[in-house]
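Predicted model, so just to flag it, every value in this text is computed and none were measured.
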Amino acid sequence: NATVATGEQLKTAVENAVGNTTIVLEPGTYDKDITIRNSITIQGANAGVNPNTETRGAESIITGKVTIDKQDIDVVLDGLKFTGNGSVSILNNGTYEYSKDTTLTMRNCVAESITGTFVSTPGNAQYKLGEITIENNRVIGVGTEGGSQSAFNLWGVVGHKITGNYVEDVAFNAFNLDATYGDVLF
């Protein structure tokens, strides 16, 4: 486990993480793109604080891209704030099919003034992912006027648990749940 205070420290901690590592972010701005290849939890300064019902303190702000680029891992993002280019994507590099054992949990996060789609999975129904849990997040302002950006673009997911979120001012869809397999719980 590690506590970090800069974008470079976060990038290094993620690159050096072994399975089930927890990285705690101090309040501040993290401007580096990171690629996750191991099961990991990233906790911001407001981990456990629901932005829709509770008062938050100073934020751990992500302005870079967070990419999940490995199958059969569990990723938890809790208490972070994303702005600008800040986004989360599960990448499909075409070299393998994703597994139903790849999961993402995003909770207690804030996204404001996001330039592209905020959270996305591969745009192809042949890639099936495990359960994605999106709970207690606040998303305001995604994409550009007339654009096709969604707050959550979740393709090919085996199960969704989507609860307690607030979404407004999105260019296209709040939630795009195309090629969904299994149950969707709202």
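In this structure, Ser113 and Thr83 have side chains that are not in contact, with every pair of non-hydrogen atoms separated by 4.5 Å or more. By the 4.5 Å heavy-atom criterion applied to side chains, Arg37 and Ile73 are not counted as neighbours. Proximity of Ile132 to Ile134: side-chain heavy atoms (C-beta onward) are separated by under 4.5 Å at one or more points. With contacts defined as side-chain heavy-atom distances shorter than 4.5 Å, the pair Gln43/Thr22 qualifies. Under the 4.5 Å side-chain criterion, counting only non-hydrogen atoms from C-beta, Glu59 is in contact with Asn46. Counting heavy atoms from C-beta on, the side chains of Ile140 and Tyr166 come closer than 4.5 Å. For the pair Val75/Val66, no side-chain contact is recorded, criterion being any heavy-atom separation below 4.5 Å from C-beta on.
Distance check, rounded to the nearest 0.5 Å: CZ of Arg107 to CG of Leu80 gives 11.0 Å. If you take CD1 on Ile42 and CD1 on Ile36, they are separated by 4.0 Å, rounding to the nearest 0.5 Å. The distance from the OG1 atom of Thr53 to the CG atom of Asn108 is 8.5 Å, given to the nearest 0.5 Å. Note: Ile162 CD1 to Leu154 CG = 6.0 Å, rounded to the nearest 0.5 Å. Glu112 CD to Ile61 CD1: the interatomic distance, rounded to the nearest 0.5 Å, is 9.0 Å. Rounding to the nearest 0.5 angstrom, the gap separating the CG atom in Asn16 from the OG1 atom in Thr21 is 9.5 Å.
Closest of all the heavy-atom pairs between Tyr30 and Val4 is OH-O, 3.0 Å. Across every non-hydrogen atom of Ala174 and Ala151, the tightest pair is O-CB, 3.2 Å. Here the closest non-hydrogen pair linking Gly48 and Glu54 is O-OE2, 4.0 Å. The two residues Gln149 and Gly143 have their closest heavy-atom pair at OE1-CA, 3.4 Å. Taking every heavy atom of both residues into account, Met106 and Cys109 meet most closely at CG-SG, 3.9 Å. Heavy-atom minimum distance, Ser60 versus Leu25: OG-O, 3.1 Å.
The aromatic rings of Phe152 and Phe118 sit perpendicular, their planes meeting at an angle over 60°, well past the 30° parallel limit.
A donor-acceptor pair under 3.5 Å is absent between the side-chain atoms of Asn136 and the main chain of Asn50, judged by distance alone. At distances below 3.5 Å, not a single donor-acceptor pair connects side-chain atoms of Thr133 with backbone N or O atoms of Thr105. At least one donor-acceptor pair under 3.5 Å links the side chain of Asn165 to the backbone N or O of Asn137. Between the Thr117 side chain and the Ser150 main chain, a donor and an acceptor come within less than 3.5 Å of each other.
Remark: the Thr63 side chain and the Asp31 side chain contain no N/O donor-acceptor pair separated by less than 3.5 Å. At a cut-off of 3.5 Å, with distance as the only test, a side-chain donor of Arg138 or Asn52 sits close to an acceptor on the other residue.
One hydrophobic cluster, built from ILVMFWY side chains closer than 4.5 Å, cannot hold both Phe82 and Val24; they sit in different ones. One hydrophobic cluster, built from ILVMFWY side chains closer than 4.5 Å, cannot hold both Val76 and Ile23; they sit in different ones. Hydrophobic clustering (side-chain heavy atoms under 4.5 Å, transitive across Ile, Leu, Val, Met, Phe, Trp, Tyr) groups Ile114 together with Phe175.
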